[in-house]
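Since the structure comes first, as structure tokens, the remarks are kept for the end.
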2 protein chains.
Amino acid sequence: MPHMPVAERRSRLLTAAFDVIARTGVSGATTRAIVDEAGMKLASFHYAFESREDLLAELVDVVVGGQEVVLELPSDPTADLETLLARGLVSYFDQVRADPLRERAMFELTQYAMRTPGMAGFAERQYARYRELAAASLREAAERTGCDWRDPVDELAADLVALTDGITLAWLADRDDRRALATIAFAARALAAEADRGGAVSPVQPSTSADIHPTPAEHHRAPSREAAR
Amino acid sequence: MPHMPVAERRSRLLTAAFDVIARTGVSGATTRAIVDEAGMKLASFHYAFESREDLLAELVDVVVGGQEVVLELPSDPTADLETLLARGLVSYFDQVRADPLRERAMFELTQYAMRTPGMAGFAERQYARYRELAAASLREAAERTGCDWRDPVDELAADLVALTDGITLAWLADRDDRRALATIAFAARALAAEADRGGAVSPVQPSTSADIHPTPAEHHRAPSREAAR
DNA sequence: AACTGACTGGGTCAATCGACCCAGTTGCGT
DNA sequence: ACGCAACTGGGTCGATTGACCCAGTCAGTT
């Protein structure tokens with residue numbers, strides 16, 4: 001309603017568009033729905049953006065570049081590599097659970113970019129970014145536990161991205177927390193098996209998934225944290 | 001144009017709708033675009049289907065139920081478990097490469113089902129079906145090589161589905177054949193590590209991924225076979 | 001406090017959407 | 001060959017869409 005600089009207005013419209021896309025998909029993100037979500041009038045839209053396509057292109061750009069957190073590794077000096085990876089994956093999964101609509105919007109935007117002629121490269125860049133972040137996490141995990149990856153981290157990063165994608169997609173479809181956590185345990189086991197322990201660390205032994213469940217018997221429960229605005 | 005039974009007409013409209021969705025997404029699959037693709041007139045649409053939603057619901061139903069091939073295991077009595085899984089995954093990947101639009105349409109329909117109120121269960125059923133097929137493949141692979149899965153196959157099936165989903169999604173985004181095959185090698189290694197060799201089979205040893213690449217150094221090349229029509 | 005350019009609000013436009021209608025035509029069962 | 005139900009074709013409808021316009025209003029500068 002009140003006056004505000006263009007940059008601010010553009011930014012607000014972008015987050016509003018993202019929220020609308022999360023709820024109703026890209027096709028539901030009409031100019032009217034977006035300005036409604038942002039609490040503006042329709043004319044403000046074409047003042048801030050050339051067109052709807054223009055906004056969507058910028059949104060994809062911002063979203064790809066702003067992608068930050070993949071694995072948040074706990075600072076536990078006693079944990080071995082597999083446990084560390086499992087904890088990191090669980091923390092990622094908690095993020096997904098806390099805001100499922102965000103993940104849906106991400107997939108939606110990726111598919112939109114893939115099928116829009118001028119934006120073919122965006123989806124590719126997005127996955128390159130994912131791998132980048134995954135590689136950083138893998139490097140740090142190995143360093144902390146004194147392990148060495150047998151193959152280049154970039155290769156392994158692609159494996160990690162594939163696993164998180166698969167876990168996320170399946171969970172979005174069936175919302176089965178238990179199964180997702182079981183797959184996370186498998187993923188940690190599989191990734192840890194790709195490393196040699198470099199120093200004097202005790203050998204990695206196959207573990208059950210029980211020790212990585214933060215809240216063991218809490219299936220199908222909505223997360224406490226609300227979606228960030 | 002000519003007369004034909006309702007069932008035939010419905011069927012043709014369904015496949016036409018699937019093709020349109022593959023090309024332009026669910027939102028692009030308007031009633032006019034669908035009948036155009038099928039070579040019919042607009043009135044035929046509402047003669048065969050109650051509404052556009054009705055067609056989409058039936059399409060999701062058919063697509064979920066008609067899902068068949070996941071892993072096609074080669075009949076090689078000398079292959080060990082990991083090699084068998086790797087070959088199966090490569091054959092799946094070849095299918096994806098042969099008809100990428102089909103996979104895109106599948107993801108598109110899954111997302112549509114997830115965000116459409118009345119069709120929440122369809123996405124869940126789809127993934128249950130995926131796991132079912134994956135479990136069958138895993139069971140057969142273990143049986144052929146005389147191995148035993150340490151955990152229930154249903155658990156492992158979820159892992160396999162996550163991996164194939166992740167591999168497919170990443171490849172659709174960047175079309176990097178080499179990376180996809182490397183991830184497939186990782187997947188086969190990781191899955192095979194979940195089995196105990198039951199009989200007198202030689203122990204599974206870590207292998208490089210070189211032996212499963214059908215065309216080792218062919219990056220970013222479009223597949224030779226064209227999408228099936 | 002006056003001025004002026006940045007910004008808003010409400011309205012309009014052609015295009016496209018799903019849905020529907022109905023007079024005409026086709027081809028099957030008999 | 002004939003009757004009639006199954007089916008087609010062309011047109012229409014209200015709703016929604018992206019885009020645009022312009023007179024009015026606000027805020028920062030002087």
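Chain identifiers are assigned alphabetically (A, B, ...) following the order of the sequence lines, protein sequences preceding nucleic acid strands; residue numbering begins at 1 within each chain. All figures in this text were calculated on a predicted structure; none of them were measured in a lab.
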N/O to N/O distances under 3.5 Å, protein versus nucleotides 15-19 of chain C:
unit_1: C:dG18; atom_1: OP1; unit_2: B:T31; atom_2: N; d: 3.3
unit_1: C:dG18; atom_1: OP1; unit_2: B:R52; atom_2: NE; d: 3.2
unit_1: C:dG18; atom_1: OP2; unit_2: B:T31; atom_2: N; d: 3.0
unit_1: C:dG18; atom_1: OP2; unit_2: B:T31; atom_2: OG1; d: 2.8
unit_1: C:dG18; atom_1: N7; unit_2: B:R32; atom_2: NH1; d: 2.7
unit_1: C:dG18; atom_1: O6; unit_2: B:R32; atom_2: NH2; d: 3.0
unit_1: C:dA19; atom_1: OP2; unit_2: B:H46; atom_2: NE2; d: 3.3
unit_1: C:dA19; atom_1: OP2; unit_2: B:R52; atom_2: N; d: 2.9

Subject >> Qualifying residues under side chain to side chain donor-acceptor pair (under 3.5 Å), relative to A:R23, sequence neighbours excluded >> reply: A:E37
Original post:
Considering residues at least two apart in sequence or located in another chain, which fulfil the side chain to side chain donor-acceptor pair (under 3.5 Å) criterion with A:Y127?
Top reply: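 A:Y127: side chain to side chain donor-acceptor pair (under 3.5 Å) contacts with A:D165.
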Subject >> Counterpart residues, side-chain contact (heavy atoms from CB on, under 4.5 Å), relative to B:D151 (two or more places apart) >> reply: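 Applying side-chain contact (heavy atoms from CB on, under 4.5 Å) to B:D151 gives A:R189, B:E194.
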Subject >> Partner set under side-chain contact (heavy atoms from CB on, under 4.5 Å) for A:D54, not counting sequence neighbours >> reply: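 So A:D54 forms a side-chain contact (heavy atoms from CB on, under 4.5 Å) with A:F49, A:E50, A:S51.
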Gap between atoms [atom1] and [atom2], on [X] and [N] respectively (whole Å):
X     : N      : atom1 : atom2 : answer
A:L13 : C:dC7  : CG    : P     : 13 Å
B:E8  : D:dC7  : CD    : P     : 12 Å
A:L56 : D:dT17 : CG    : P     : 14 Å
B:Y47 : C:dC21 : OH    : C1'   : 15 Å
A:I34 : D:dT17 : CD1   : P     : 11 Å
A:R12 : C:dC7  : CZ    : C1'   : 15 Å

**OP:** Could you list all the salt bridge (Lys or Arg N to Asp or Glu O under 4.0 Å) pairs where at least one residue sits in residues 107-123 of chain B, not counting sequence neighbours?
**Re:**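 Checked against salt bridge (Lys or Arg N to Asp or Glu O under 4.0 Å) - neighbours excluded - the pairs reaching residues 107-123 of chain B are A:E108-B:R115, A:R115-B:E108.
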**OP:** Search all heavy atoms of A:I21 against all heavy atoms of A:L59 and return the closest pair with its distance.
**Re:** CD1-CD2, 3.6 Å
